[in-house]
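A short worksheet on the structure shown next.
Every heavy atom of this structure was used, including side-chain atoms; hydrogens, water molecules and symmetry mates were not. Naming convention: chains lettered A, B, ... in sequence-line order (proteins, then strands); numbering from 1 in each chain.
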Amino acid sequence: MEGMAPNALLADLEARGLIHDSTDRAALEARLEAGPITVYVGFDPTAPSLHAGNLLPLLMLKRFQDAGHRPIALAGGATGMVGDPSGRSDERNLLDDDALARHLAGIVPQLRQFLDFDRPGNPAKLLDNRAWTVGVSYLSFLRDVGKFVTVNQMASKDSVKNRMASDQGISYTEFSYMLLQAHDFAWLYENEGCEMQMGGSDQWGNIVLGLDLIRRKTQGSGFALTVPLLTKSDGTKYGKTAGGETIWLDAEAMSPYRFYQALIQTDDAEVRTLLLQLTLLPVEDVETLVADHLVAPHLRLGQRRLATELTTLVHGASAADAAGAASDVVFGGDARGLDASTLAVLAHEIPTMAFDRARLDDEGSLVPLLREAGIVASNGEAIRLLNQNGLSLNDSKVGPGAVIERSMLLHDRYLLVRKGKKQVHLFEFSDSDEARRERG
RNA sequence: GGGUCGGUGCCCGAGUGGUCAAAGGGAGCGGACUGUAAAUCCGCCGGCUUCGCCUACGUAGGUUCAAAUCCUACUCGGCCCA
């Protein structure tokens, strides 16, 4: 990627469907061919973690860096205090200082991990717009920024127009947001030589206002490039699981395993787009993969690759391997033959219940253990389940009267318990403290 | 305040003295099918020490051999009148 010519970059982005809109395309092409350019994308700390929807603009920075350009990831410590009205139908709640600090602490490392800050020639930068915003007085902001922008201009932006037309209206605070963003762009232009801002398509108005400000203040010119908002085939915004759960990038908020699962469950119709837009796989590879996928959709090759690529990108290769292995076990795999370390990973990813090894000596212990683990709600349900052939221990079906024997334990420790096809629990048996002490 | 109708299992909703753990539907859970989807089909679906027992039909009493079903009080909700 390192030596890729700039116009090749644009062509690649085009092929991936990553260009929603841009200012003067020919001029941009010429500018990219002329040499490295500095580009930035802003991320407001609206939550303690970025989510899947943020991946696309974040990866844009990476794509530009990989093509030899200088990326700036901008954390919106200042803009996050105000709230961007773009793409929203209602007023945001203001964040208090604590929440803002917490959110920033969460997303800054995430921004960091996607870019290379030590790359010779074009290292990435991570800036926080608080640095040049908090010290600015209201009066000077009005004089130095406000004077260059007309309200007519601001009011004509979709983000504002839509809200003006709504019952709820728009607060002066959120109305002012675009000025802050424009100010950021202008500041970066003057101080960091940043010529281009990228963002989701809903950012177009804000970005262009920044360009206007730059032109009027400095007679300079820059570029805007927006990426499409990721949407699912049903038109809704991407970034949530089928169940409506947000796909967080933070491992605490969503474990790598669940992240991987969220991606595995991608619709066939969306696989190609997501592979193109969210991974760094070459376009030809994606096309080959998609072709293979269509031949045998049940293998879910596309989904697997997507899940692996993104989990690796976000959580690292070993986490991706573990999530993949755990996933294979849960869906269709066989517990027997798993090594201890995979089982240990599994113990973190699926519901796991620890039991005292002594419980194994009780012949009738299966039903109570199932109950304690929350697998069944009553003895009656346990018996029903067994009668209906719905329970398996270490992937062999068991019927009424089944018992857990020590010899069944995997690595003398684990028992994989499946209820039906989708519910998987792990039992982990260990010695009680007393037993351990007695043995010395 | 008066009248009236009603409060049933996770939800909706039948049932008006025994054959009622209570029809039917939904949700949920198994099974088949399948691509970790949807649809469809089958089974289950109060608890327990499960051929029996216990707990349940707003709450508390009562009548009866027997009550979700009848009576009384209370309570909560809908509607109508004031």
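Mapped onto RNA chain B by nearest heavy atom, A:K421 and A:L391 fall at different nucleotides, with A:L391 at the one closer to the 5' end.
Using a 4.0 Å cut-off between a side-chain N of Lys or Arg and a carboxylate O of Asp or Glu, A:R63 and A:D66 do not qualify as a salt bridge. A salt bridge does not link A:E349 with A:R258: none of the charged nitrogens is closer than 4.0 Å to a carboxylate oxygen. Between A:E174 and A:R163 there is a salt bridge, since a side-chain N of the basic residue sits under 4.0 Å from a carboxylate O of the acidic one.
Spacing of C1' atoms, B:G25 relative to B:G2, comes out at 39 Å, to the nearest Å. To the nearest whole angstrom, the two C1' atoms, one in B:G18 and one in B:G13, are 24 Å apart. B:A68 and B:A56 are spaced 10 Å apart, taking the P atom of each and rounding to whole Å. Comparing B:A32 with B:G78, their P atoms sit 48 Å apart, to the nearest whole Å. The gap from the P atom of B:G6 to that of B:C20 amounts to 24 Å, rounded to the nearest Å. Between B:U69 and B:C80, the two P atoms lie 29 Å apart (nearest whole Å). If you take atom P in B:G52 and the same atom in B:G58, they sit 28 Å apart, rounded to whole Å. Taking the P atom of each, B:A67 and B:G17 are spaced 14 Å apart, rounded to whole Å.
Under the Watson-Crick or G-U wobble criterion, with both distances below 3.5 Å, B:U49 is left unpaired in every strand shown. In a base pair of the Watson-Crick type (N1 to N3 plus N6-O4 or O6-N4) or a G-U wobble (N1-O2 and O6-N3), with each distance short of 3.5 Å, B:U59 is matched with B:A73. Base pairing annotation: B:G1 forms a Watson-Crick or G-U wobble pair with B:C81, both donor-acceptor distances under 3.5 Å. Nucleotide B:A32: paired with B:U40 (Watson-Crick or G-U wobble, both distances less than 3.5 Å). When both pairing distances are held under 3.5 Å, B:U16 makes no Watson-Crick or G-U pair with any nucleotide shown.
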At a cut-off of 3.5 Å, list every protein nitrogen or oxygen paired with a nitrogen or oxygen from nucleotides 35-39 of chain B, distance to 0.1 Å.
unit_1	atom_1	unit_2	atom_2	d
B:G35	O6	A:D268	OD2	3.0
B:G35	N1	A:D268	OD1	3.4
B:G35	N1	A:D268	OD2	2.5
B:G35	N2	A:D268	OD1	2.9
B:G35	N2	A:R300	NH1	2.9
B:G35	N3	A:R300	NH1	2.8
B:U36	O2	A:Q261	OE1	2.9
B:U36	O2	A:Q265	NE2	3.1
B:U36	N3	A:Q261	OE1	3.0
B:U36	N3	A:Q261	NE2	3.4
B:U36	O4	A:S327	OG	3.2
B:A37	OP1	A:K422	NZ	2.5

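With sequence neighbours excluded, the residues satisfying ring-ring contact (aromatic ring centres under 6.0 Å, His included) with A:F429 are A:F355. Residues meeting the ring-ring contact (aromatic ring centres under 6.0 Å, His included) test with A:Y177, sequence neighbours left out: none. Contacts of A:Y260 classified as ring-ring contact (aromatic ring centres under 6.0 Å, His included), with partners at least two apart in sequence or in another chain: none.
Within 6.0 Å of CG on A:D96 lie more than 12 heavy atoms contributed by other residues, nucleotides or ligands.
Judged as a ring-ring contact (aromatic ring centres under 6.0 Å, His included), not a single pair has a partner in residues 92-117 of chain A (not counting sequence neighbours).
The glycosidic torsion of B:C51 lies within 90° of 0, placing the base in the syn range.
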statement: Readout for nucleotides 42-52 of chain B: B = base within 4.0 Å of protein heavy atom, S = sugar-phosphate only, - = neither; 5' to 3' it is -BSS-SSSB--
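Between the CG atom of A:L370 and the P atom of B:G30 there is a distance of 13 Å, given to the nearest Å. Rounded to whole Å, the distance from CD on A:Q423 to P on B:C29 is 7 Å.
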task: Mind running side chain to side chain donor-acceptor pair (under 3.5 Å) on A:D268 and A:Q303 for me, showing each step along the way?
output: CA-CA 8 Å; A:D268 286 349; A:Q303 283 92 338; 2.9 Å; yes
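The aromatic rings of A:F64 and A:H69 sit tilted, their planes meeting at an angle between 30° and 60°.
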